**Q** 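Structure in structure tokens, see below.
Within every chain, numbering begins at 1; the chains are lettered A, B, ... in the order of the sequence lines, protein sequences first and strands thereafter. The figures here come from the full heavy-atom set of this structure, side chains too, leaving out hydrogens, waters and symmetry mates. As the structure is a prediction and not an experimental result, all values here were calculated from the model.
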Amino acid sequence: MLPKKYKAKESEPRWQKYWSENNVFAFDPNSKSEVYSIDTPPPTVSGVLHIGHVYSYTQAEIVARYQRMKGKNVFYPFGFDDNGLPTERFVEKKNKVRGKDLKRSEFNDLCRTTVAELEEQFRTMWSALGFSADWNLCYSTIEENCQRISQRSFLDLLKKGLVDYREEPNMWCVTSQTAVAQAELDSVEQESTFNDLKFDIKEGGEIIIGTTRPELLPSCVCIFVHPDDPRYKDRLGKTAIVPIFGHEVPILADEKADMEKGTGAVMCCTFGDKTDIEWFKKHKLPLRVSITPYGKMTDLAGQFAGLKIKEARKAVLSKLNEDGILLNSKSIVHAVNVHERSGTEIEYLSTRQWFIKLMERKDELVALADKIEWYPAFMKQRYVHWVENLGWDWCISRQRFFGVPFPVWHCKDCCQMLLPEDSQLPVDPQEQAYPGECTNCGSSNIEPDRNIMDTWATSSVTPQINYRWGENDSREEHLAPMSMRPQAHDIIRTWAFYTMVKAYYHQNDIPWKDIMISGHVLYKKGQKISKSKGNSKSGPEQLIDQYSADVIRYWTAGAKLGSDCYFEENEFKIAAKLVTKIFNASKFALMHLESLEKFDETKITVAIDRAMMSRLSKTASRADQFLSQYEYSLALSEIEGFFWDFCDNYMELIKHRIYNPQEHGEGAGESVQNSLYAIVYGVIRMLAPFIPHITEEIYQAYFKQREKHVSLHLADYPNGKKSWVDEQAEKVYEEACQFVAVVRKFKTEQRLSLNTELTEIQYLRTQFGLFREAQNDIQRAARCDNVKAMDSLDDVGSLVEFEGKLLRIGNPIEEEA
RNA sequence: GGGCGUUUAGCUCAGUUGGCUAGAGCACCUGCCUUACAAGCAGGGGGUCAGAGGUUCGAGUCCUCUAACGCCCACCA
């Protein structure tokens, strides 16, 4: 039997342990049941988990539990994304070191031990939330298996001609000192100055250009004006002399020069922005590099060499001003692309990098979106929009330390690429020499590729990692494509997109059938919760400790799929209330079900009991429908609505009958017992995915010995029995509720206790035509034996009118003093 | 500048393919210790459904325009 009070703090860990000991959530590779597989996001191991993680992970977890109860063989893994720049930066900060100052192997060891600690914390928290993961399926992206699959992925793309190793201008972060990809850019508003500079023209005259980056003057290779710009027609083809630096550059025409902007004349440099790169390629301009990978000026900058970019900007400006070159300078705020990890302005450097080709296959990648079901549907638009606007192939090489190495060596003599056999993977070319000589020229002058992969290059193969692609594992046929990818909307352009690219290029297929996109948790207006922000008070551990896992879980299920929600502590109180209510209601019901040997639905004969079966059935079918569409919040509110009606109305109606069955006729007691059984068992199953602990507690205390499932979470999810639907019975129930409501209102208005016995109630028969179908229950719920039906208003005598229902309420036995 | 989303009670949000008098929870007000629960229960007040126009017998719901807010992208001389 259930104890007097429910203590979540004691119960929740107990059931978590029970689930784990009984392997309740294990994926069964040999099962014949339909597989439901989830491509769980491996969180970046770069800080503590925050409430936003809890929010989106729990939403997916609810789906996992639901699908399991639908009889599916659920594949629900967890993983850790523990390599790459974010992790490096975390390790550097935590240990107060710089990766580049340590030996590579030393730094990598430090990374491994640091992430191992953090991963243990993550895992503890997922367990504390009652996540039904199969921890045997756990992976970490830096482990050997994942490195092997990641390198296999690379080699496969190389073989298919979908990877390029080429030198070209690319986005570069001078702080992180690595190439980056388009998806890693952030746009921020930055203060700057817009400067008008005077260039002398060799043939005579001058031309004035506007620029925000005067420090790039040494890199100036050309001046562009619009071909139709009348102001500059006379100067086209002439030669301008770059101030300070004195080199000569041509004045050329290009449509992309904007007549409206600045003076209409613009200098083209190596490289100020994306347009400079386009012009560089289109007009075959020379290369004048004035910025080093470290963000300092090169020798080309003459007297400014060695200065940092921003210092140089200042110095150049003041020199220009001295020389009378700077004609005008105004402060502006403009958008600048920065690297999302360092916040540093992106530079464009010509370097040699590995690229996965995207540009030539954009159409196919856009079309791929239609083969996947997006929940909510409008999120597909984000993907399409991103892919359509892609401007670069995917640069996957990073000049960093802790990550998956490229399984490549290069022949220094003939530049031949030398690759390992699949059986040798994973390899680290910087640690292992190439086994042999150059296959092209026979040279033994071989060097390793020193790049590591973009962290997304590995995390984009999580489906392949999950089904152990290329490892001769039977999972592959069961799991490809996977059933569902849960993730938040901010990484559609990275994780979702890259995963789709990989599956399309490798398997010529979609990675998963469904994608479920969750929103963010916001503190207040527009403030995203992030790891860096203070979250000591709202940290998940603290919240679980304060409110219990079930309560936190309930809150995460409250917001509609895909929509952001505010962190509102008040919401937790509502959840706590529900948990308490479920416990108390169940306690009441089970108290009266001790004598019930075996549930028998045919014994449910009384009208209002059948009405509840009907409502239960409809609720279950709607909840089931919603959940199958990932609309967990709508499902939850259906179930809650049913449950609260059950507590407030039905339980009050049947109270007398359950205590005094003999006064209600043959079978009336058995009817209500079986009804209660069906309702409580139905409700705890419907709520099990949302609040798994309290529901398990109730199941184990009573239902287990009758239903025989090891855990409630292995029972079937109710889907609504059509045979239980009974519209006529529901009408009886509705009338009964209305009748009782009028009586309650009367008592409340008369300031009477609700259990006050009334002497007589008269009602108009035409208003409550079905009264007799539930007469005993209604009378006792109304606390009045003497309830009389009248055929006409005249018969009712002195009437009291409430809400159009005509009643005569007799005087209470105990008059107020 | 382009795209997507949102706008319903003081707050947070439901409202299916158009269909009784627009709902819930929280908050507020008034009562009630009632044999599951006072961490509870009953009752009540509170809304020009962002605005304008249109389609329709009928619009919170469909169409057009407008506005505000949020997000994504572009803009970066």
**Q** Do you see a donor-acceptor pair shorter than 3.5 Å between the side chains of A:Asp609 and A:Tyr650?
**A** yes

**Q** Dot-bracket notation for RNA chain B is requested: 5' to 3', Watson-Crick or G-U wobble pairs only, both distances under 3.5 Å, with ( ), [ ], | and . as defined.
**A** (((((((..((((.....[...)))).(((((.......))))).....(((((..]....))))))))))))....

**Q** With distance as the sole test, does A:Ser219 use its side chain to make a donor-acceptor pair with the main-chain N or O of A:Arg288 at under 3.5 Å?
**A** yes

**Q** Report yes if a side-chain nitrogen or oxygen of A:Lys261 is closer than 4.0 Å to either non-bridging phosphate oxygen (OP1 or OP2) of B:C76; otherwise report no.
**A** yes

**Q** For nucleotides 63-65 of chain B, print each protein N/O atom paired with a nucleotide N/O atom at under 3.5 Å, atom names and distance only.
**A**
none

**Q** For the CD atom on A:Glu191, are there more than 12 heavy atoms of other groups (residues, nucleotides or ligands in this structure) within a distance under 6.0 Å?
**A** no

**Q** Specify the separation, in whole Å, of atom CG of A:Asp550 and atom C1' of B:A39.
**A** 17 Å

**Q** Using a 4.0 Å heavy-atom cut-off, write out nucleotides 1-11 of chain B from 5' to 3' as B (base contacted by protein), S (sugar-phosphate only) or - (no contact).
**A** -BSSS------

**Q** Taking atom C1' of B:C75 as reference, at what distance in whole Å does atom CD of A:Gln190 sit?
**A** 15 Å

**Q** Do the charged groups of A:Glu727 and A:Lys618 touch, with an N to O distance under 4.0 Å?
**A** yes

**Q** Go through the side-chain N and O atoms of A:Asp254 and A:His226 and say whether any donor and acceptor fall under 3.5 Å apart.
**A** no

**Q** Look at the side chain of A:Asp229 and the backbone N and O of A:Val225, then say whether any donor-acceptor pair between them is shorter than 3.5 Å.
**A** no

**Q** Go nucleotide by nucleotide along RNA chain B from the 5' end; which of A:Glu652 and A:Asp273 gets its closest nucleotide reached first?
**A** A:Glu652

**Q** Looking only at the side chains, is there a donor atom on one of A:Asp550 and A:Ser548 sitting less than 3.5 Å from an acceptor on the other?
**A** no

**Q** Given atom OH of A:Tyr55 and atom P of B:U12, what is their separation to the nearest angstrom?
**A** 14 Å

**Q** How is A:Cys565 classified with respect to the nucleic acid when contacts are heavy atoms under 4.0 Å: base, sugar-phosphate, or nothing?
**A** nothing

**Q** Looking only at atom types and distance, does a side-chain atom of A:Glu12 sit under 3.5 Å from a main-chain N or O of A:Lys9, one as donor and one as acceptor?
**A** no

**Q** Pick the closest RNA chain B nucleotide for A:Phe194 and for A:Gly558 by heavy atoms, then say which residue is nearer the 5' end.
**A** A:Gly558

**Q** Take atom CG in A:Asn755; do more than 12 heavy atoms of anything else shown fall under 6.0 Å from it?
**A** yes

**Q** So, A:Glu347 and A:Arg213, do they make that salt bridge, N to O below 4.0 Å?
**A** yes

**Q** Would a distance-only check, ignoring hydrogens and angles, find a side-chain to backbone donor-acceptor pair under 3.5 Å from A:Gln190 to A:Val333?
**A** no

**Q** Using a 4.0 Å heavy-atom cut-off, does A:Glu260 contact any base of the nucleic acid, only the sugar-phosphate backbone, or nothing at all?
**A** nothing

**Q** Could you tell me how far apart A:Leu754 (CG) and B:A38 (C1') are, to the nearest whole angstrom?
**A** 14 Å

**Q** Aromatic ring centroids of A:Phe271 and A:Tyr348 under 6.0 Å?
**A** no

**Q** Could you check how far CD of A:Glu278 sits from P of B:C76, rounded to whole Å?
**A** 10 Å

**Q** Looking at A:Ser187 and B:C76, is any side-chain donor or acceptor paired with a base atom of the opposite kind under 3.5 Å?
**A** no

**Q** Please state whether the rings of A:Phe703 and A:Tyr681 are parallel, tilted or perpendicular, taking 30° and 60° as the class boundaries.
**A** parallel

**Q** Between B:G45 and B:C29, how many Å separate the two P atoms, rounded to a whole number?
**A** 16 Å

**Q** Without decimals, in angstroms, what is the distance between A:Phe567 CZ and B:U12 P?
**A** 16 Å

**Q** Anything under 3.5 Å between a protein N or O and an N or O of nucleotides 18-24 of chain B, put it in a table, one pair a line.
**A**
none

**Q** Of the nucleotides B:C33, B:U30, B:U12, which one has an atom closest to the side chain of A:Arg751?
**A** B:U30

**Q** So, the side chain of A:Thr193 versus the backbone of A:Asn195: is there a donor-acceptor pair under 3.5 Å, distance only?
**A** no

**Q** Can you pull out the residues from residues 626-642 of chain A that lie within a 4.0 Å heavy-atom distance of RNA chain B?
**A** A:Leu634

**Q** OP1 or OP2 of B:C75 sitting under 4.0 Å from any side-chain N/O of A:Lys256?
**A** no

**Q** Which parts of residues 570-582 of chain A get close to RNA chain B, meaning a heavy atom less than 4.0 angstrom away?
**A** A:Asn570, A:Ile574, A:Lys577, A:Lys581

**Q** Mind calculating the distance between NZ (A:Lys560) and C1' (B:A14) to the nearest angstrom?
**A** 8 Å

**Q** Roughly how many Å is it from CG in A:Asn337 to C1' in B:A77, rounded to a whole number?
**A** 15 Å

**Q** Verify the neighbour count for atom NZ of A:Lys573: are there more than 12 heavy atoms of other residues, nucleotides or ligands below 6.0 Å?
**A** no

**Q** Go through it in stages, so that I can follow the logic: the residues are A:His283 and A:Phe224, the test is ring-ring contact (aromatic ring centres under 6.0 Å, His included), and I'd like the CA-CA distance, side-chain angles, deciding distance and then a yes or no.
**A** CA-CA 11 Å; A:His283 295 273; A:Phe224 281 108; 4.7 Å; yes

**Q** Counting heavy atoms not belonging to A:Lys731, are there more than 12 under 6.0 Å from its NZ?
**A** no

**Q** Do the side-chain N or O atoms of A:Thr212 get closer than 4.0 angstrom to the phosphate oxygens (OP1, OP2) of B:A77?
**A** yes

**Q** Within the structure shown, what part of the strands sits under 4.0 Å from A:Ala265 by heavy-atom distance: base, sugar-phosphate, or nothing?
**A** nothing

**Q** B:G44 phosphate, OP1 or OP2: any side-chain N/O from A:Lys745 under 4.0 angstrom?
**A** yes

**Q** Give the C-alpha distance, both sets of side-chain angles, the deciding distance and a yes or no for side-chain hydrogen bond (donor to acceptor under 3.5 Å, both in side chains) between A:Glu697 and A:Tyr6.
**A** CA-CA 9 Å; A:Glu697 175 107 357; A:Tyr6 174 64; 5.0 Å; no

